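What you see is a predicted model; the values in this text were computed from it and never measured.
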Amino acid sequence: MKALALAALAGFAITSAPALAQGTPGGFDEDSFRVFTEARFGTGEPVYWYSAGTVRAYPSGEILFLMEGYDTARGEQVEGAERPTAHQFNRKTYIYRDATTGEILREYNGNPVSPIAYDYQFITYELSDDGFLETVVEQGRAPRLQRFGPERDMGVTRLGDTYVFSAPVFLDFPIPGTETRYEAWENYDFFVTPDADISHPMTLSWARYGALPPWAGGGPSIIHMVSWRIDNYEDVPERFRQYIEAEAPLWMAPPENLEEIRSLQGQ
């Protein structure tokens, strides 16, 4: 695999650069804004971006755990706004599984294992006059309510009928109640082919570089997951539905509206 990677890099070095850089921020218009937001949260009923992948040690590449979960969302296009604006109401949770048995990981090296769980996120998307998708994310609750943005790092590329939405995320902020900082890099590549007669017209490749959680001993790691949108809860893989219904029933559906979001924020 390393030899293939080196060969690919060598080949890239002698090819000519594309006429237009791909995946750079911006390039949005009203059409691509609506394609992205409707792919992300649907047009009314909840959607489920189900994900499965691996957690690896870096730089060895050893597979430490499997990871599985979803982000469930609904949203709305804001009518009457000065520029195209959309609101997304979502919650998400991801669990770790044993890399050999696939069983849910409850304990690791004597430490209890906690899932990743956000009981809500509230995201506002706006299309700027110069073609950027501006994103503001709210999470947490008072007095530790967090607000990130507006970020303008997402870019859009057209590949025939397919839209590729690329969003790098650079995280660096203090962890409340500690003297340490949360530092990580994440990258989201959404592949959306509207109205395509294919089994999975909306998919996502997600990668993260950052520290392992404290229960896993810290240290650098790489997470990579492949995701696809599911429009009905009943179509989520059964073993994950069993976990949700037994241990995380709140995550069966996203927040209903902004009123529920504000309540969860403690406002």
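- For Tyr209 and Tyr58, the gap between ring centers is short of 6.0 Å.
- Residues Tyr70 and Phe240 place their aromatic rings such that the two centres sit under 6.0 Å apart.
- Between Asp71 and Arg40, at least one side-chain N (NZ, or NE/NH1/NH2) sits under 4.0 Å from a carboxylate O, which counts as a salt bridge.
- In this structure, Asp161 places its CG atom where only 12 or fewer heavy-atom neighbours from other residues, nucleotides or ligands lie under 6.0 Å away.
- Using a cutoff of 4.0 Å between basic side-chain nitrogens and carboxylate oxygens, Asp130 and Arg152 are scored as salt-bridged.
- When Phe36, Tyr188, Tyr125, Phe191 are each tested for a ring-ring contact (aromatic ring centres under 6.0 Å, His included) with Phe165, only one passes: Phe36.
- A side-chain donor from one of Asn90 and Gln88 sits under 3.5 Å from a side-chain acceptor of the other.
- Ionic pairing of Glu260 and Arg91 is present here: one or more N-O contacts between side-chain nitrogen and carboxylate oxygen are shorter than 4.0 angstrom.
- Contact of the Phe33 side chain with the Gln77 side chain is registered, since non-hydrogen atoms from C-beta on lie closer than 4.5 Å.
- Under the side chain to side chain donor-acceptor pair (under 3.5 Å) criterion, Arg74 pairs with no residue at all, not counting sequence neighbours.
- Proximity of the aromatic rings of Phe173 and Tyr182 is defined here by a centroid distance below 6.0 angstrom, and this criterion is met.
- One hydrophobic cluster, built from ILVMFWY side chains closer than 4.5 Å, cannot hold both Trp228 and Trp206; they sit in different ones.
- Between Trp251 and Tyr118, the distance from one ring center to the other does not fall under 6.0 angstrom.
- Residues Arg239 and Gly102 come closest through the heavy atom pair NH1-O, 3.7 Å.
- A side-chain donor from one of Asp189 and Ser166 sits under 3.5 Å from a side-chain acceptor of the other.
- By the 6.0 Å contact criterion, CZ on Arg241 is enclosed, its count of non-hydrogen atoms from other residues, nucleotides or ligands being greater than 12.
- Ion pairing of Glu138 with Arg262 is present here, as a side-chain N (NZ or NE/NH1/NH2) and a carboxylate O approach within less than 4.0 Å.
- For Arg181, the CZ atom is densely surrounded, since the number of other residues' heavy atoms within 6.0 Å is greater than 12.
- Aromatic ring centroids of Phe190 and Trp49 lie under 6.0 Å apart.
- Between Tyr96 and Pro213 the shortest side-chain heavy-atom distance falls below 4.5 Å.
- Between Glu68 and Arg97 a salt bridge is recorded (basic side-chain N to carboxylate O distance below 4.0 Å).
- In Glu45, the CD atom is not crowded: 12 or fewer heavy atoms of neighbouring residues, nucleotides or ligands sit closer than 6.0 Å.
- The two residues Arg208 and Ala184 come nearest to each other via the heavy atoms NH2-CB, 3.6 Å.
- Among all heavy-atom pairs drawn from Arg141 and Leu264, the shortest one is NH2-O, 3.1 Å.
- The backbone N or O of Arg83 lies less than 3.5 Å from a partner atom in the side chain of Thr85, making a donor-acceptor pair.
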